[in-house]
Structure formats: structure tokens, C-alpha cells
Amino acid sequence: AQTVTQSQPEMSVQEAETVTLSCTYDTSESNYYLFWYKQPPSRQMILVIRQEAYKQQNATENRFSVNFQKAAKSFSLKISDSQLGDTAMYFCAFQNGDSSYKLIFGSGTRLLVRP
Amino acid sequence: EPEVTQTPSHQVTQMGQEVILRCVPISNHLYFYWYRQILGQKVEFLVSFYNNEISEKSEIFDDQFSVERPDGSNFTLKIRSTKLEDSAMYFCASSSDLTDTQYFGPGTRLTVL
């Protein structure tokens, strides 16, 4: 069974600085997708970024980028130029690309951006 | 931009009562999901639905739960006889394809007293 591990329960960063959130996963599949979702205090789940495992290039969305290390099964999220609005819970998620299409979530990292 | 909507935003019910949580997925999406998040815990998959059938369900999704797409727009989750431990945030999600990104609704907070 696939598992997703986020080892940092809480992180803190100064506004305008860069922070990296860690995520590791365990799977025997070769075709899969990885996601970072953001959950602000409103508790809405918002997609931040998506990575296809077959793509070697790391995904980027504006200030958000990932470091996808397939061999190490690592998928970290880098937030550049942190803004107060980035304060939220961040969940890493895994999706099997061939059979079960459910999202498997990590336990989350609570990020606080300090002014 | 199209979005998933959910009603109600907050539902309070007595233990043993039936509740129906409603979702309107993005209009051209064909795959629908329910997830739940107990306060302070991770988001957990409940069920996926496609072509008017359940595609997959978790062990949480027992006989007390059911899903339905009663018309062309709504997707509902029914809990027949609620328990205290059903208190959670329930998220609906939809996607256009099996491996497409799942877009989440704002959630329904269910409180069982």
C-alpha cells in the first residue's frame, strides 16, 4: 500500500523568505502523480502544484516549485518570497496512475508566515 | 472559473439521525469523490463514483454511507444513522478524467451531538 509522510508538523518563515516543505512517499508503482494542496484557515482544499512521475522536469507555479527526486521518493515544495497569505496547512498527496485513483494524503505541515 | 460547490457549509445533527450532504461538481467532470477530515487529522478517501456506480470505496465507507447522483448536476453523500465519530469536514471533489487533477469543494462541517 502507498503511504505519504510529512515529517514536519509545523514550519515558520519570515515574510519574503524561502521555505521548503518535505514529503516522502512509498510505492512500488512507476506511474503516479503527486500533488501539494493548501488548506487555509477556511479549510478549503486548494491545489498548489501537480507533478507527473514520468516527467523529469520539476513542476513550477509562480512562487511555488517542487524538487521531485523519483529514486529517493521525495517530493518537496519550495515557496519563494513567502507571503502572509501563504499561512496554511500544506498537504502532500499521492495518486496511483494505473489502478486506484484516490488521493492518499500525508498528515500535513502547518506553515506560519511571520510579518 | 468553474468550481465545486457544497451545501450546507455546516450541519449539526443528533446522533442516529440521517444527513445528506450535497455537492455540485464542475459541470464537465465525470469522476466524483468524497473525502473526510476529522479535526486535526489527515484527509481520508471515502468513495469514488463514475458512470452512476461506485468505483472504489474505503473501509470507512460502510453500510451507513451511500452516494447518489440524483440528477445531472448534484452528487450526494448520505449517512443513514450518524454517530459521534462521523463529526468531520466532508469534502467533495471532481475531475474530468481518472488521472486529472481533483478539484475540491469548500467542504461541509458535520457536527454530530
Side-chain angles (χ1 to χ4, degrees), chain A residues 1-10 21 23-27 29-55 59 61 64 66 88-110, chain B residues 1-6 8-10 23 25-26 29-51 53-61 67 87-111:
Chain A
Q2 291 91 3
T3 58
V4 178
T5 302
Q6 293 180 251
S7 58
Q8 305 153 316
E10 291 187 2
L21 309 184
C23 173
T24 59
Y25 57 95
D26 187 25
T27 184
E29 305 293 331
S30 58
N31 183 25
Y32 53 88
Y33 303 84
L34 295 163
F35 304 84
W36 279 97
Y37 281 89
K38 168 185 176 180
Q39 188 180 45
S42 65
R43 297 192 72 185
Q44 168 116 37
M45 294 289 286
I46 302 166
L47 176 72
V48 175
I49 204 163
R50 164 191 166 108
Q51 174 81 42
E52 291 87 348
Y54 60 85
K55 288 187 178 178
E61 285 289 340
F64 299 87
V66 297
M89 196 77 166
Y90 287 81
F91 290 98
C92 178
F94 171 98
Q95 182 186 43
N96 189 322
D98 290 323
S99 54
S100 169
Y101 300 98
K102 65 186 178 190
L103 291 173
I104 300 169
F105 286 87
S107 55
T109 295
R110 186 176 306 278
Chain B
E1 187 174 321
E3 57 183 22
V4 177
T5 60
Q6 290 184 242
S9 56
H10 190 190
C23 168
I26 294 173
H29 284 186
L30 301 175
Y31 298 84
F32 315 116
Y33 311 84
W34 284 101
Y35 292 83
R36 81 169 186 191
Q37 184 185 31
I38 295 171
L39 186 64
Q41 298 187 22
K42 66 171 72 173
V43 178
E44 301 173 291
F45 169 77
L46 290 177
V47 65
S48 59
F49 190 87
Y50 168 70
N51 199 24
E53 287 185 348
I54 290 175
S55 309
E56 185 179 4
K57 60 183 181 180
S58 71
E59 59 273 12
I60 303 168
F61 194 88
V67 289
S87 293
M89 196 77 162
Y90 288 81
F91 292 102
C92 173
S94 70
S95 64
S96 60
D97 198 350
L98 273 175
T99 56
D100 190 27
T101 297
Q102 294 178 27
Y103 292 93
F104 283 73
T108 292
R109 184 191 302 271
L110 177 65
T111 302

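All chains are named by letter (A, B, ...) in the order of the sequence lines, taking the proteins before the strands, and each is independently numbered beginning at 1. The shown structure was predicted, so the numbers you read here are calculated from the model rather than taken from an experiment.
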Considering all heavy atoms, the nearest B/Leu39-A/Arg43 contact: CD1-NH1, 3.7 Å
A/Gln95, A/Met45, A/Arg50 screened by side-chain contact (heavy atoms from CB on, under 4.5 Å) with B/Gln102, the one that passes: A/Gln95
Interface moiety of B/Thr101 toward chain A, non-hydrogen atoms closer than 4.5 Å: both
For chain A, the option from B/Gly105, B/Ser55, B/Ser48 that forms the most heavy-atom pairs under 4.5 Å: B/Gly105
Chain A contact via B/Gln6 - which portion, at a heavy-atom distance below 4.5 Å: neither
Under 4.5 Å from any heavy atom of chain A - which part of B/Tyr35: side chain
CD1-CZ distance between A/Ile104 and B/Phe45, expressed to the nearest 0.5 angstrom: 9.5 Å
Chain A contact via B/Glu56 - side chain, backbone, both or neither, heavy atoms under 4.5 Å: side chain
Interatomic distance, A/Gln39 atom CD to B/Phe104 atom CZ [nearest 0.5 angstrom]: 9.5 Å
A/Leu103, part contacting chain B, at a heavy-atom distance under 4.5 Å: both
Interface residue of largest heavy-atom contact number with chain B, from A/Met89, A/Lys102, A/Arg110, A/Gln6, under 4.5 Å: A/Lys102
Proximal component of A/Tyr32, with respect to chain B [non-hydrogen, under 4.5 Å]: neither
